[in-house]
Amino acid sequence: MKGKLKGIYKDLLKEYGHQGWWPVSGVADKNSSDDLIQRGYHRKDYSIPKDRSQVFEICAGAVLTQNTSWKNAEAALNNLKQCGILSPKGILSSDSGVLCEAIRPARYFNQKSVYLRAFSDFFINSENSLDPGRDDLLSVKGVGKETADAMLLYAYFKPVFVIDAYTRRMFGFIGMIDPKAPYDIIQEMFQKALKPDIAIYQEYHALIVEHGKYFYSKKPYGKGDYILERYL
DNA sequence: ATCCAGGCGTTAT
DNA sequence: ATAACGCATGGA
């Protein structure tokens with residue numbers, strides 16, 4: 001059980017390399033010729049150097065990318081930044097029309113504008129308290145289990161395993177889980193099999209998304225999962 | 001033109 | 001409890 005998940009992790013890491021999630025702006029090295037660095041990835045960096053503003057940006061991105069390509073979510077983040085409202089106070093004080101227009105590329109802009117304001121309010125009210133717990137995040141409108149866990153793992157550095165649609169399809173494919181099982185059941189399977197290692201949890205989820213894009217999209221780029229098929 | 005991407009809240013079985 | 005539905009952009 002444990003060896004299997006760890007084996008898959010190693011295979012994916014070998015195939016795709018370090019993903020460097022979560023992407024954030026503001027750490028880009030303009031002098032670098034490395035495309036990943038210029039796009040704002042913190043490659044191989046799992047320490048906690050992030051200031052409040054980057055923590056917020058990760059959380060905002062987590063909301064914006066719900067059922068949406070990261071590319072579109074990133075466009076929304078760039079728009080917010082361009083408008084000078086990529087901050088809790090900025091979002092709360094922004095005109096609704098301006099906010100909606102800025103995040104338009106991320107789809108569902110009416111809903112997500114409300115979600116971003118709700119999270120901004122939560123973020124400000126938890127400024128000088130301890131890190132939020134899962135239940136705290138789940139109480140915010142627009143923050144469901146996957147989003148809450150992504151925030152905890154990538155913004156707050158808590159060892160929680162993120163379960164997304166790709167995770168269900170991939171590990172359902174090799175028979176390790178029931179794809180339609182409840183979120184917490186699937187998450188429990190991963191967390192019982194893997195030690196609570198933040199760096200590995202961050203990397204594993206990123207690798208699942210990368211691999212999933214190729215073989216487990218509804219319109220896969222690749223034709224046969226040569227990596228996971230040996231775990232059948 | 002059609003299909004889908006790093007879900008969530010609400011409403012109906 | 002769990003399934004169905006609305007949301008509503010940009011790229012392939």
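Below, read A as the first sequence line, B as the second, and so on, with proteins coming before strands; counting in each chain starts at 1. Note that these values count all heavy atoms, side chains included, but never hydrogens, waters or copies made by symmetry.
Electrostatic pairing of A/Asp184 and A/Arg134 counts as a salt bridge here, judged by a charged N lying under 4.0 Å from a carboxylate O. Between A/Lys195 and A/Asp197 no salt bridge is recorded (no basic side-chain N to carboxylate O distance below 4.0 Å). Salt bridge status for A/Arg104 with A/Glu101: present, with a side-chain N to carboxylate O gap under 4.0 Å. Under a 4.0 Å N-O distance rule, the pair A/Asp149/A/Lys158 does not qualify as a salt bridge.
A/Phe119 has its CZ atom 14 Å from the P atom of B/dC8, to the nearest Å. Rounded to whole Å, atom P of B/dC4 lies 10 Å from atom CZ of A/Arg169. In this entry the distance linking CG of A/Asn79 with P of C/dT9 reads 14 Å, nearest Å. As rounded to whole Å, 20 Å separates atom P of B/dG7 from atom NZ of A/Lys141. For the pair A/Lys112 NZ and C/dC7 P, the interatomic distance rounds to 15 Å; values are reported in whole Å. The separation between A/Phe109 atom CZ and B/dG7 atom C1' is 18 Å, rounded to whole Å. Between A/Tyr108 atom OH and B/dC4 atom P the separation is 13 Å, expressed in whole Å. Put simply, CE on A/Met151 is 12 Å from C1' on B/dG7, counting in whole angstrom units.
Looking at which nucleotide of DNA chain C each of A/Lys71 and A/Pro182 is closest to, the 5′-most match is held by A/Pro182. With the nearest nucleotide of DNA chain C identified for both A/Asn67 and A/Tyr221, A/Asn67 has the one nearer the 5' end. Closest-nucleotide positions on DNA chain B for A/Tyr115 and A/Lys218 were compared, and the one nearer the 5' end corresponds to A/Lys218. Nearest-nucleotide assignment on DNA chain B puts the 5′-proximal partner with A/Ala62, out of A/Val140 and A/Ala62.
When heavy atoms are screened at a 4.0 angstrom cut-off, A/Lys180 is found touching no nucleic acid atom at all. Contact annotation for A/Gln111: base contact, defined as any heavy-atom pair under 4.0 Å involving a base atom. Within the 4.0 angstrom heavy-atom criterion, only backbone atoms of the sugar-phosphate kind lie near A/Val143; the bases stay farther away. Within 4.0 Å of A/Lys213, counting heavy atoms only, lie sugar-phosphate atoms of the nucleic acid but no base atom. Among the heavy atoms of the strands lying under 4.0 Å from A/Arg107 is at least one base atom, whether or not backbone atoms are also near.
One P atom belongs to B/dT11, the other to C/dA8, and the distance between them is 16 Å to the nearest Å.
The shortest distance between the side-chain N/O atoms of A/Thr147 and the OP1/OP2 oxygens of B/dC8 is below 4.0 Å. Phosphate proximity of B/dT2 to A/Lys219: absent, as no side-chain N or O sits under 4.0 Å from OP1 or OP2. Between A/Asn110 and the phosphate of C/dA8, there is a side-chain N or O to OP1/OP2 separation shorter than 4.0 Å.
For the residue pair A/His18/A/Glu203, the side-chain donor-acceptor check at 3.5 Å is satisfied.
Taking the six-membered ring for Trp and the full ring otherwise, the centers of A/Tyr166 and A/Tyr216 sit at least 6.0 Å from each other.
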